[in-house]
Amino acid sequence: MPHSLYGFILRHSKKEQLMLLLLALVSYPFLYYSYDQPKQIVNHIKNATVHRVEKGNLDAYPAESIFGLPLDAVGYLAYLCFIFLTLTLVNGSFKYYINVYKGRLGERMLRRMRYELYSRVLRFSLPHFKKVSSGEIIPMITSEVEPLGGFIGDAFVQPLFQGGLLIVPLFFILVQDPILGAAALAFYPLQIYVIPRIQRRVNQLAKRRVQTVRSLAERIGESISGTQEIHANDASARERADFSDRLGTIYQIRYDIYRLKFLAKFLNNSIDKLTPFLFYSIGGYLAFQGRVDLGALVAVIAAQKDLAAPWKELLDYYQQKEDVRIKYEQVVNQFEPPDLLDQSLVDGDPPADLRLSGDIAASNVTLAESGAVKFLDGVSFTLPMTERIALVGDGTSGKDELPLVLARLIWPNAGSVSIGGQKASALPESVTGRRLAYVGPQTHLISATVRENLYYGLKHRPLIAPERDEQEARTRARAMAEAEQSGNSAHDPRADWIDYAAAGADGPEALTAKAVDALGLVGMEDDIYQFGLRGRIDPARRPELASLILKARQGFKSRLGDGATAALIEPLDATRYNTNATLAENLLFGTPVGGVFAEENLATNRYLLEVLGEAGLTAELFGVGRKLAETMVELFLGLPPGHEFFAQYSFISSDDLPEFQAILARLGKDESSLSNEERARILGLSFKFIPARHRLGLLDDSLQERIVATRRPLAEGLPPELRGAIEVFDGAAYNAASSIQDNILFGRLAYGQAQGGDRIGALVGEVVDALEMRAQILEVGLDFQVGIAGARLSGAQRQKLAIARAVLKRPEIMILNQSTAGLDAPTQAHIQNGLLQRFSGGGLIWALHRSSMAKAFDRVIVLRGGQVVEQGRFDDLNQPGRVLHELVASE
Amino acid sequence: MSLTEEVHALRQIPLFASIEPSKLKLLAFTSERLTFAAGQTLFHQGELGDAAYIILDGSADVVVETPAGARKVATIGKHQIVGEIAVLCDVPRTATIVAAGTLVTLKVSKENFLRMIAEFPQMSIEILRELARRLDSTTQQLHAALSK
């Protein structure tokens with residue numbers, strides 16, 4: 001990227017800038033004549049008026065001949081005015097066209113800039129991310145470059161165009177009379193001297209503001225990621241003081257900028273008003289002398305008015321130019337770390353022959369941070385790719401870093417790694433990112449489904465263009481052409497990017513099978529199955545699965561029988577109150593779709609309140625809510641705020657508890673003093689009540705019956721706009737708003753039955769297997785959203801998913817870096833056995849978190865202090881006196 | 001059985017006798033009521049303890065696994081507490097508890113139990129008393145066994 005802003009502009013928009021200059025030049029003559037025209041008009045009016053005063057009428061006024069057409073005084077006036085109008089329109093059109101052209105150019109350049117910056121972030125080396133924070137990088141790409149777009153369109157044409165708008169009327173004034181011209185110019189030297197000086201000061205402040213705001217952003221980011229530390233150390237007062245101090249600095253800078261800006265504005269305005277004073281006085285005097293005619297004076301005053309606008313624009317331009325230039329340089333500077341990866345390594349397409357084979361060799365590999373601490377110190381070895389290799393060592397042995405170097409994620413300071421005779425440093429990422437796989441101790445997942453995370457390692461280039469109808473294709477073609485104009489990626493994100501062949505599959509179905517297989521290898525199949533059971537499907541899109549699930553519902557019901565197990569489930573029955581479901585569910589007898597009938601909105605839902613009123617239930621449910629509130633206040637008031645019980649058991653949060661206490665106190669004295677909102681809060685509690693779970697004995701049989709009796713009128717009376725907001729439970733229909741499991745159970749798990757969940761889970765499993773629908777449920781489970789950075793998965797699940805992803809892409813060399821350290825022992829063993837078997841032909845390099853795990857590997861490399869101290873077979877090395885023996889013994 | 005009845009049952013237990021009813025109500029509300037069918041185990045010997053159980057109804061067998069096989073050593077009944085030792089001192093369960101018929105219990109989680117002890121010193125004394133009693137009976141049994 002060019003270091004100067006103008007360099008960047010010229011490199012990418014030379015043609016467009018020339019075009020803009022040309023447009024500006026062409027517009028000048030029209031501009032000049034639009035100033036001259038009023039003079040012609042006024043003089044014509046003056047002559048004709050004088051003629052009428054002298055002769056009494058205009059009859060004998062000499063006709064002007066235009067294109068051979070004789071025009072009388074009125075006709076000629078009309079003709080002159082028409083030309084004036086046309087000129088005005090032409091000038092306006094020029095301005096419009098130039099502005100639109102500029103705007104488009106600016107937006108394209110902004111897009112290009114953002115794209116280039118982002119591409120650079122993707123080329124930052126791993127260690128560089130230790131030095132920069134996302135709090136700095138993000139605002140630079142998003143907000144800080146924004147003003148650049150506006151300026152780039154203006155870069156060359158603005159001084160020329162606005163200069164023209166200034167010079168043309170000035171020139172016109174000078175032509176009319178040099179003295180008037182001198183008056184118009186009188187104050188410019190003062191402005192030219194003072195304004196830039198103020199501006200320079202403002203620029204310096206602006207620069208400081210950018211830096212301070214950037215570090216403020218970083219600080220906020222730090223507080224967010226370090227929340228735990230802040231609370232654990234009672235540091236929030238200190239943090240707030242620091243933050244307040246920073247805000248104070250920003251305040252002072254902003255205030256200073258504000259003051260200086262308005263000082264400049266004040267000076268400009270005052271001077272602008274002085275010029276007309278000179279015109280009226282000097283111009284009037286000169287007209288008396290007969291040195292200028294009236295028409296010229298009127299036109300000069302009109303032209304003078306037009307001086308202010310371009311002058312202001314020019315000053316603004318000057319201000320902006322400095323501002324933007326500094327911003328550009330600052331930003332670009334941040335995106336040019338010395339160890340930026342070469343573009344060709346990131347972009348390069350894979351060579352046709354992609355298989356890696358031969359030895360993995362390290363020669364004198366040295367890795368140090370800032371030259372001081374050496375993580376790796378002259379590591380050399382040659383490993384056949386046909387072996388499974390374990391790396392062992394203690395915490396400072398270099399086993400954390402060596403896998404990263406071998407995976408070409410970190411570049412050694414000295415020495416080199418070669419794979420099959422090829423220098424690793426010269427291999428493009430299309431080789432290292434596909435033929436090698438790396439799984440670290442922690443993995444970042446993308447905020448998408450399990451499936452998309454699994455396939456992430458298979459999506460390198462768009463392979464199959466998506467199907468589009470004619471109109472979509474046109475839109476896409478336009479978007480692509482536009483992307484090209486800004487030097488952006490023209491790859492289609494909607495295309496099918498999945499490299500099925502890389503996973504050894506021939507299409508989506510085969511790939512799903514491979515994915516399930518990989519998940520089985522890491523022991524995650526059951527997790528996915530559980531996700532699937534908890535997942536929802538759209539029966540319209542998957543009718544076969546929906547009908548299978550309905551069959552499973554029947555199967556489950558018959559298996560449940562009516563013995564002891566039957567007590568584990570309370571079935572959903574339209575004619576009976578379900579004591580294991582919430583009161584809301586019992587009332588709606590269905591699942592809310594969207595927010596209208598969501599539990600927290602029920603107490604303010606007007607339709608529902610109407611139905612409750614008609615059924616005469618309002619007062620009773622309010623009574624239930626009141627008793628719940630009283631119980632909660634009684635039980636929880638003594639607990640410290642934020643106690644975990646609030647989240648786990650209370651109907652009311654610790655923040656709201658005192659408010660409810662106050663409401664209850666007033667309720668005891670005078671019920672009518674409650675506002676509607678307060679009543680709704682009390683009533684709202686009742687909807688969360690589950691008799692079997694809470695055991696408060698608040699719903700007697702008759703109230704339960706009356707609630708059941710309300711279900712039908714509630715469902716049938718739904719106004720048209722609310723139809724579809726409740727998916728009613730129906731024993732014969734699939735409930736799209738409920739999970740697969742709930743659809744199979746068609747009932748609620750009974751509270752308080754020992755091992756009820758497990759027993760029902762086993763029963764569901766039997767039904768699922770009998771109907772051979774496990775694969776389909778797994779398929780639904782693959783579409784489980786993992787949450788932001790995988791937050792909805794446990795740490796162990798994230799790691800398992802990462803290993804499965806690496807397995808799925810069938811790498812020639814699989815590199816694991818203490819990837820299973822966070823898993824329980826049986827899972828670790830399961831994964832290790834699975835991987836050793838999968839890579840029985842070699843190509844497995846695993847830095848182990850426990851040395852004893854190395855026993856099953858073909859070769860062990862023992863690291864100590866960044867050097868290879870031993871290598872060989874485990875049994876040979878695990879002898880007294882050997883380092884490995886020491887390591888194993890110390891565990 | 002409602003919460004009030006559970007509180008009533010809790011008050012029958014010496015351990016909780018001196019604790020004010022509102023706190024017992026909170027204990028009951030934040031504990032899970034679990035019903036076991038005959039033959040189901042509450043927990044196995046050797047497992048780590050995460051909860052104590054208060055028997056509200058029914059009875060259970062205390063079974064100890066010995067090298068010679070499982071041996072039933074006692075029966076516990078209504079209003080007795082079981083499993084509190086493993087919760088108190090982080091040792092594995094010392095016996096297996098099997099429901100002798102339909103058994104209704106209140107499962108008090110470890111955190112909840114420890115919180116109650118921390119809050120009510122009276123409970124610690126009760127526990128101490130109970131432990132001393134058990135130690136005494138064990139010592140006597142040992143005596144008897146040795147003098148045979």
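Here is the naming used below: chain letters follow the sequence lines, and residue numbers restart at 1 for every chain.
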Query - Side-chain heavy-atom pair B:Q40, A:Q753 within 4.5 angstrom cut-off - result: no
Requested in this report: Quick one: closest heavy-atom pair of A:E634 and B:S22, and the distance?
Outcome: OE2-CB, 4.0 Å
Query - For chain A, the option from B:L34, B:N112, B:T30 that forms the most heavy-atom pairs under 4.5 Å - result: B:T30
Requested in this report: For A:R553, look at atom CZ and say whether over 12 heavy atoms of other residues, nucleotides or ligands are found less than 6.0 Å away.
Outcome: yes
Query raised in the report: Is chain A contacted by the side chain of B:S31, its backbone, both, or neither, given a heavy-atom distance below 4.5 Å?
Result: backbone
Query raised in the report: With a 4.5 angstrom heavy-atom cut-off, which part of A:Q648 approaches chain B: side chain, backbone, both or neither?
Result: neither
Report summary line: The interface call for B:L24 against chain A, heavy-atom contacts under 4.5 Å, is neither
**Report entry** B:H8 NE2: over 12 foreign heavy atoms closer than 6.0 Å
**Finding:** no
Query raised in the report: Around atom CZ of A:R666, are there more than 12 heavy atoms of other residues, nucleotides or ligands at under 6.0 Å?
Result: yes
Query - Check: A:R695 side chain, B:A28 main-chain N or O, donor-acceptor pair, under 3.5 Å - result: yes
Requested in this report: Enter the distance from B:L26:CG to A:L637:CG here, rounded to the nearest 0.5 Å.
Outcome: 11.5 Å
Requested in this report: Would you name the heavy atoms of B:F29 and A:Y649 that are closest together and state the gap between them?
Outcome: CE2-O, 3.6 Å
Requested in this report: Work out which heavy atom in B:L3 is nearest to a heavy atom in A:L696; give both atom names and the distance.
Outcome: CD2-CD2, 3.3 Å
Query - Between CZ on residue B:R33 and OH on residue A:Y751, distance to nearest 0.5 Å - result: 13.0 Å
Query raised in the report: More than 12 foreign heavy atoms under 6.0 Å from CD of A:Q228: is that the case here?
Result: no
